[in-house]
Amino acid sequence: MDRSPGEISGRARVFAVFGCPVEHSRSPVMHNAAIRALDLDAVYVPFKVEPQRLPEAILAMRALGMAGVNLTIPLKEIGLGLVDRLSSEARRIGAVNTLWWDDNILVGHSTDGEGFWRSLEALEGNLLRKALVLGAGGSSRAVCFALADHGVRVSVANRTVEKGQKIASEIMEALPHAQASAVSMEADDLRSAARHSDLIVNCTSVGMIPKTGETPLPPDCISSHHVVYDLVYNPLETRLLREARDRGARALNGVDMLVHQGALSFELWTGMTPPLDIMKEAVRGTL
Ligand code: ATR
């Protein structure tokens, strides 16, 4: 049957993001932009799913024959126990952001770590040896493992130091040649860890709208040799990034990671490489 460009036919593949809340998700805009650019017979929709109803929502995904699903806050950890198979990446970071079908097997995977690394690879001329990672939640785990996988030494700074220590020791256990440690969020500890690092990544929510006046790092920790990467993308330029730029450092916001982790999900679902620039523009247009 002929299909005109942009048409959603009776054969359309349905993709979705499940989250709670989900209204802030940029994934529908980003994925639908890629679907349009490639003129796929598909659509990507948001569903608000309460955590306790995720098992039902995944049964619905199976019953409805949905082609792929992203999980976002606070469902990424709950999703671990609800799939037929977990990827080794999902298992080690303890989170699932992508559900995809391998034949009829529902696989839970996380594209966050590789998405982060791919967005860093786009940086030319930066040989990274050591990173200071702020925060020890879910996104920090993905970032820390991705860095350690690629031979970057990691210091995890967190308000609750034990959580940073847990990530560091799990990395050392999983990757025998990796070097990882934990530090507190005290200014002196941050200064010392930053001095020995070439990359600083903010994986906390500090600085995100509406509290845009806050920063997780005293500005004097930053110097011009640093790459400062804030996973926050709303606002596009956080206080941390503004201070990094003022100090001559290279500043990166969270849009790139968002786009790369989304592109990796899209590749798993469709086998196609989506247009990153178009996805990025679509996200930026919402900010
Ligand atoms: P995500 O999935 O985005 O990583 P998360 O798992 O809730 O979110 O983790 C949030 C991280 O931001 C945690 O490391 C948290 O520190 P604690 O473990 O001590 O709670 C950190 N964080 C949140 N608000 C913070 C604040 N005001 N100051 C410092 N750290 C903060």
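Counting starts at 1 for both ligands and their atoms, in listed order. Computed from a predicted model, the values in this text were never measured in an experiment.
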Please list, in number order, the atoms of ligand 1 under 4.0 Å from a heavy atom of [X].
X      : value
Ser139 : 1 (P), 2 (O), 3 (O), 4 (O)
Ala136 : 14 (O)
Gly135 : 14 (O)

For ligand 1, is any non-hydrogen atom under 4.0 Å from Asn158's backbone (N, CA, C, O), its side chain (CB onward), both, or neither? side chain
Residue portion contacting ligand 1 (non-hydrogen atoms closer than 4.0 Å) for Thr160: both
Identity and separation of the nearest protein heavy atom to [atom]:
atom                    : value
atom 5 (P) of ligand 1  : Gly137 CA, 3.9 Å
atom 8 (O) of ligand 1  : Gly138 N, 4.4 Å
atom 26 (C) of ligand 1 : Arg159 NH1, 3.2 Å
atom 18 (O) of ligand 1 : Lys163 NZ, 2.6 Å

Options Asp112, Thr204, Thr72, Val206, ranked by nearest heavy atom to atom 28 (N) of ligand 1, top entry: Val206
Check this for me: [X], atom [atom1], are more than 12 non-hydrogen atoms of other residues, nucleotides or ligands nearer than 6.0 Å?
X      : atom1 : result
Asp246 : CG    : yes
Arg191 : CZ    : yes
Lys166 : NZ    : no

For Arg118, check salt bridge (Lys or Arg N to Asp or Glu O under 4.0 Å) against everything at least two apart and list the hits. Glu114, Glu267
Take every heavy atom of Pro216, measure it against each atom of ligand 1, and state whether any distance is under 4.0 Å. no
Answer yes or no: is there an ion pair linking Asp198 with Arg250, defined by an N-O contact shorter than 4.0 Å? no
Tracing side-chain contacts under 4.5 Å among Ile, Leu, Val, Met, Phe, Trp and Tyr outward from Val206 reaches none
Aromatic contact, Trp117 with His150 (centres under 6.0 Å): yes
Are Asn253 and Glu237 linked by a side-chain donor-acceptor pair shorter than 3.5 Å? no
